[in-house]
Amino acid sequence: MLRQYELVERVKSYDPDADEALLNRAYVYTVQKHGSQMRASGDPYFSHPVEVAGLMTDLKLDQETIITALLHDTVEDTLATIDDVRANFGDEVARLVDGVTKLSKIEQMPENERAAENLRKFLLAMSEDLRVLLVKLADRLHNMRTLHHIKKPEKRRRIARETMDIYAPLAERVGMYEYMREMQLLAFEQLEPEAYTTITKRLEQLRQTDKGEVDRIALDIKQALSEAGLEVEVWGREKHPYSIWKKMAERHLPFEQVSDIMAFRVLTDNVEDCYRALGILHTAFQFVPGRFKDYISTPKNNGYRSLHTTLFYDQSMRVEVQIRTREMNQTNEFGLAAHWAYKQQDKADGAVGWLRDLIEIVDSSHDAEELLEHTKLAIYQDRIFAFTPKGALFQLPKGATPVDFAFAVHTDLGAQTVGAKINGRHMPLRTQLGNGDVVEIIKSKNAEPQLSWLGFVVTGKARAAIRRAVRLKERDEVAEIGRKLFEEIADRLPAKVGKKAIRQAAETLELEDAEDLMYAIGASKISDRDVMEAIVPGSTKDMPEEPQLDRAISIKGLTPGVGFDLAECCHPVPGDRIVGLRRPKKGVEVHAIDCLELASGVDADWIDLSWGERSHGAVGRLTVVLYNRPGTLAEMAGVFARSNANVMHLELTQRDDPFHTYELDIEVQDLAHLTRILSALRASDSVAQADRI
Ligand code: MN
């Protein structure tokens, strides 16, 4: 384990301005907080954060990152709090430690919820600061290095699988190939122990028989370049067992036939020499067609730059050669981290933010937009990730609320939502969720989705479910009106009407059931006469045509034979003062004199009109605000029934907690009739407000 002074010296070696006292304090803090906790290896627990900090010094990262690495498990595993960390080490360290702590939630999630793809996205989305991700990757790398101390094989395999599926690809994503390779190798050893042992053994045998072959080939390559006047550094290595195994698996090859098990690297001083070296090697050796790749002119998304080619060293052996500058090599192995450390080193001002560095990298790259998209970790910035209290992870669009979350978990949960706790605190349902929030939905069996939720939900699933529920509810309410109206209809029939008769009537009218019949009556989809005839055929034979439903409108002031329409905007009824508008090639529109639509008629001919004698029967439009409690709707329906007014159309336009607002079209005799109805409505306990529109 690194000693305290060794760690501080390492940081000082690349950052002479580092705050020695603060680093010392962080070292002591983690030692004290972890106290006597132990690792599976039997080492004191604090050896782990210290080693992770050591890994971060290899990348020459700034002191905030080093301190974060030292403290990365204190909030998760000891009594330390974020506030405590902030008080001791400042805002920036607190923010970074908080970030790493949130990432650690992953490890506690139930296994079935941990879809690898989801988790990778989550980690990226959470890592708003790349340093958070770097500490997490180093944390995982050190845990992998010490994995063999864990006794239970299943646990070792689980951690190895997670490393292979999640952390190694993430390391690749940010260009940390060195970390990626080591993680893969250590995970491979656990996941495919037999293959690992076999391949390792074969490589060992090969080394025995071809002693020094790697070095010999490297020398040949160096010599070929040197003869052409190019002095460069060449070094070779065996590929590691995992990449050999991958090649065997992908191409279904036995070990003997995996020909390019050696890889060589040519390091030059500048880009020009890279291409010169390539030309020389392609002349000196035969190259394998189709294997040449130019990642210098077109870098990979994570910033990787190099030339790749494969040469026939002799007839039976192919070797892979990577050509790059020394600077590229440094960047390639440690990706953006190296770039970042490199920039920090010669920083002119002390406060160069990570983001600004990133923008510089992006500016200097070829496909700036694409690189930005991938490196800024911005890919998932339009998504947020939230947890259930049990740790299940849900991906939602940005702006999602607890209601969206509830519907994402289950439609029934969404429907029963009455409240929410976010990170343990009661919060309004319209609160926008943040990344990593833990959302607990408070539900009630009798709750229903609220129309007002449509004002803030963002997911299609929630929206559709709320609409569906509200429609069903409205249907119930209309059916309730229908039942009230039906009582009046039944009274007019000669005999008492039983349930069976109602069911049969529904069938006769080609409706589903009694409920459907009540809905049809409430929504005025069928006339009273039709209902009566369906129950007792012939019962309306002697009934006079209902005069109040019969329209007899005549208008004075029109040329005889000219057609007219009562305007739909103001719904004038006999008794209202009216005016006519004649537009070109159209009939006359009859408006109430105070209708706002008249303003649109400046170009039309205005005609002074009045109602003909004995005009009656027109449709008036009302808004009625009812108290939201049982029975109020039936009470309103009763008012209409008692006043002989026919409800033509009913719509719930607004649903708030204490009030429901309806818009209705009712058929009335005339203005006096409508005024009586309004008075009756206003007199009712159920009605908060009633007006013509
Ligand atoms: Mn850790």
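Please read all numbers here as calculations on a predicted model, not as lab measurements. Each ligand, and each atom within it, is numbered from 1 in the order the structure gives.
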Can you tell me if an N/O/S atom from His48 lies under 2.8 Å from the Mn ion (ligand 1)? yes
Looking at Asp139, which of its N, O or S atoms is the nearest one to the Mn ion (ligand 1)? OD1
Of all heavy-atom pairs linking Arg39 and Pro44, the shortest is CG-O, 3.8 Å
Please find out if less than 6.0 Å separates the ring center of Tyr27 from that of Phe46. no
I want to know whether Phe89 and Tyr29 have ring centres closer than 6.0 Å. yes
Lys12 side-chain N/O to Pro16 backbone N/O, donor-acceptor pair under 3.5 Å: yes
Short N/O/S contact of Glu76 with the Mn ion (ligand 1) (below 2.8 Å): no
In Asp73, the N/O/S atom nearest the Mn ion (ligand 1) carries the name OD2
